[in-house]
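Since the structure comes first, as structure tokens, the remarks are kept for the end.
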Amino acid sequence: MNIEKQLTEDIQSALNHLFQEEMEVTLQPTRKDFEGTYTFVVFPLVKKLRKNPVEIGNAIGEYLKENSSVVSGFNVVQGFLNISLQENTWNSLFNSLLEKKGDSDFDSNGSSVLVEFSSPNTNKPLHLGHLRNNFLGHSVSEILKANGYAVTKACLVNDRGIHICKSMIAYQLFGNDETPESASIKGDHLAGKYYVEFDKAYKEEIKSLMAKGQSEDEAKKNAPLMKQAQQMLQQWENGDEEVVTLWKKMNGWVYDGFNATYKKIGIDFDKTYYESDTYLLGKDIVEEGLEKGIFFKKEDNSVWIDLSEEGLDEKLVLRGDGTSVYITQDIGTTELKFKDFGTDKSVWVVGNEQDYHFQVLFAILKKLGRSYAEGCYHLSYGMVDLPSGKMKSREGTVVDADDLVSEMIATARETTEERGKIDDFSETEKDELFRTLALGALKYFLLKVEPKKRMLFNPAESIDFQGNTGPFIQYTHARIKSILRKAAADGLSVPEQIGDIKMAEIETDLVGLLAEYPNYIQKAANDYAPSVIANYCYDLAKTFNSFYAELSVMNESDSQLRDFRLALIEQVAATLKKGMRLLGIDVPERM
RNA sequence: GGUCCCGUAGCUCAGCUGGAUAGAGCAUCUGCCUUCUAAGCAGACGGUCGAACGUUCGAAUCGUUCCGGGAUCACCA
């Protein structure tokens with residue numbers, strides 16, 4: 001049953017009977033300091049009916065009290081009609097939740113979506129910014145699944161290009177055949193080390209060239225290392241055996257490193273694309289666009305599109321020498337993804353520095369008349385900044401993903417052990433718990449903020465385990481499970497339906513929140529915003545903890561009430577678990 | 001300079017399809033473990049919702065302008 005829908009209909013019928021009015025009725029939750037559950041604002045009617053708001057409110061209230069099966073009473077404050085619900089309304093609402101047996105996900109909606117995220121460069125290890133991307137991508141995928149979409153998670157690995165060559169050059173020059181094994185460093189970190197080495201040596205070269213009188217721009221172009229890197233890129237594209245062998249070797253190391261990190265943080269993909277396979281795609285579509293007159297050629301043979309009608313500029317889609325630019329590849333890979341999976345929607349989880357790029361890409365796809373253009377969405381998210389400013393890989397001012405996770409696990413261990421609640425756990429169980437808590441704290445920290453907002457991470461202050469955090473919600477779940485274990489030990493089972501009981505306010509609050517869960521799943525999907533789920537889970541956990549402090553489950557002498565509470569808290573635990581699952585966060589049985 | 005995003009308590013953030021005295025967490029301070037996990041609960045303190053106009057019965061929420069911060073406007077990706 002749906003109380004809100006019922007009540008809305010009853011109010012509409014009241015308006016019809018009393019004033020011969022038809023209008024859309026929206027309800028809002030009554031403010032805490034007033035009596036009632038739902039509030040109907042009557043101000044909009046005042047002008048139409050030329051009556052004072054209190055009079056209108058009272059008339060509707062009386063009508064509802066007489067004619068609505070869910071309304072028990074009302075009060076009118078100014079223009080606000082506060083409506084109280086019948087006791088048994090709450091009972092039947094809760095019973096209807098129990099009937100669903102915890103299945104609150106939506107049925108398949110027949111629609112499919114491909115979510116591309118993570119998309120790392122193989123020249124450096126993952127950092128905090130990548131974590132935000134990965135967690136967002138994973139969470140949005142889960143949220144879409146819960147809304148009935150068939151979801152494909154894809155990753156496009158940026159495994160070629162000048163930046164990869166930089167690491168390779170530096171390795172050739174300074175590497176001494178070092179390997180991850182010989183250096184005892186994860187492969188992605190080893191590649192990252194040489195990327196930084198390249199930059200250091202390159203800067204030296206620039207400095208000395210400038211000392212010899214070259215301008216900065218000239219020096220940057222003329223530095224021997226840069227020329228070597230460009231030459232290597234040429235060799236790579238020509239399939240030079242030595243270069244390709246080195247490339248394969250180093251990329252192999254990096255993938256081993258990435259896979260270890262992905263495994264640790266619980267990220268996986270249904271499909272991985274490699275840019276080395278796809279970077280030539282898109283040229284044929286440019287050709288098609290030229291034929292259709294959507295693109296045009298300039299004197300130097302370069303190909304452009306004019307997007308001034310869309311409020312954008314002219315954009316190059318193919319260089320004069322016939323080689324691709326970034327957007328060419330993206331046109332090609334979008335087509336490829338559509339050919340491979342034919343999804344109705346396509347989502348890119350990519351930072352907001354590429355907002356313009358995606359505006360252009362989508363505009364081009366529309367002009368090309370691609371059927372999938374309408375379903376394209378750029379999930380743009382803000383940067384994670386440090387107190388010192390932006391993170392920069394080359395300058396080493398990054399918060400490394402592996403390091404951060406390790407630190408979080410250490411903090412989780414410390415925080416947990418000092419409480420001494422899990423002394424009977426085996427070492428394996430402990431390690432599993434610390435990892436669960438550490439990732440819970442980290443993922444929640446990154447997901448609770450609206451994606452498009454940039455956020456600040458202060459390495460000096462470790463991520464909290466108290467207050468509005470992942471572990472707070474995990475703790476709430478563990479607390480409930482503890483009661484349920486106790487109940488089971490006492491031979492009590494959780495009822496499938498509840499009896500005729502009178503709920504306390506804090507209990508109707510919980511029932512109301514539980515009933516609203518599907519609305520939040522929908523909102524989260526509509527907004528592509530895991531933060532909606534995070535805030536909901538926090539709200540639910542917080543309300544449960546108030547309940548916990550106020551009322552007892554196992555010490556309740558009225559067995560009907562106790563059984564209701566068992567069912568209630570079990571629903572809360574299940575909902576927290578499902579909600580956190582959508583964020584990619586596990587909840588422990590004990591902590 | 002053009003375009004886009006952000007600006008809410010000391011700090012980090014909710015709220016933004018317009019509604020009653022703007023909510024949390026952290027930090028500071030007060031209470032609460034002889035009863036289901038105190039990673040908790042209850043309370044205090046803390047706000048010109050960046051500013052000004054405008055629309056409205058009513059604006060943190062919508063519009064315009066301005067201020068502050070960020071991104072982008074590459075034949076880089």
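By convention in this document, chain letters (A, B, ...) are assigned in the order of the sequence lines, proteins followed by strands, and residues within each chain are numbered from 1.
Aromatic stacking is marked for Phe43(A) over G19(B), as both cut-offs hold: 5.5 Å for the centres and 30° for the planes. Taking the 5.5 Å centre cut-off and the 30° plane limit, the aromatic side chain of Phe80(A) is not classed as stacked on G19(B). Taking the 5.5 Å centre cut-off and the 30° plane limit, the aromatic side chain of Phe34(A) is classed as stacked on A20(B).
Among the atoms of the strands shown, none is found under 4.0 Å from any heavy atom of Asn121(A). Residue-level contact check: Arg454(A) touches the backbone only, with heavy atoms under 4.0 Å from sugar-phosphate atoms and none from bases. Residue-level contact check: Leu437(A) touches the bases, meaning some heavy atom is under 4.0 Å from a base atom. Using a 4.0 Å heavy-atom distance criterion, Leu551(A) is classed as a base contact. As judged by a 4.0 angstrom heavy-atom cut-off over every strand, Tyr538(A) is placed among residues touching the sugar-phosphate backbone only. Counting non-hydrogen atoms under 4.0 angstrom, Thr26(A) reaches nothing in the nucleic acid. Counting any heavy atom pair closer than 4.0 Å across all strands shown, Val449(A) reaches sugar-phosphate atoms only and no base atom. In this structure, Val553(A) reaches the bases: a heavy-atom distance under 4.0 Å links it to at least one base atom across the strands shown. Heavy atoms of Asn52(A) sit nowhere under 4.0 angstrom from any nucleic acid atom. The residue Lys452(A) sits close only to the backbone: its heavy atoms come under 4.0 Å of sugar-phosphate atoms, none of a base. As judged by a 4.0 angstrom heavy-atom cut-off over every strand, Phe472(A) is placed among residues touching the sugar-phosphate backbone only. Counting any heavy atom pair closer than 4.0 Å across all strands shown, Met591(A) reaches a base atom.
Enclosure of atom CD in Glu24(A) is not indicated, since only 12 or fewer non-hydrogen atoms of other residues, nucleotides or ligands lie within 6.0 angstrom.
Taking only side-chain atoms of Asp300(A), from C-beta outward, the nucleotide of A20(B), U37(B), C75(B) with the closest atom is C75(B). With distances taken from any side-chain atom of Asn545(A) to the nucleotides A20(B), G40(B), U35(B), the minimum falls on G40(B). Proximity note for Lys542(A) (side chain, C-beta onward) versus G40(B), A39(B), G25(B): the nearest is G25(B). The side chain of Gln28(A) lies closest to G19(B), out of G19(B), C73(B), C16(B). Distances were taken from every side-chain heavy atom of Asn468(A) (C-beta onward) to each of G25(B), A22(B), C36(B); the shortest belongs to G25(B). The Lys453(A) side chain lies nearest to C6(B) when the options are A42(B), C6(B), C36(B). Taking only side-chain atoms of Asn352(A), from C-beta outward, the nucleotide of A77(B), G25(B), A71(B) with the closest atom is A71(B).
Taking all atoms of both residues into account, the shortest heavy-atom contact from Ser546(A) to Ile506(A) is CB-CD1, 3.7 Å. Residues Ile164(A) and Asn158(A) approach most closely at CD1-O, 3.7 Å, considering heavy atoms.
Spacing between atom CG of Leu447(A) and atom P of G25(B) amounts to 21 Å, rounded to whole angstrom units.
Between the side chain of Trp348(A) and the backbone N or O of Cys376(A), no donor-acceptor pair lies under 3.5 Å.
Taking the nucleotide of RNA chain B with the nearest heavy atom to each of Asp385(A) and Gly311(A), the more 5' of the two is matched to Gly311(A). In terms of position on RNA chain B, the residue among Arg419(A) and Phe547(A) whose nearest nucleotide sits closer to the 5' end is Phe547(A).
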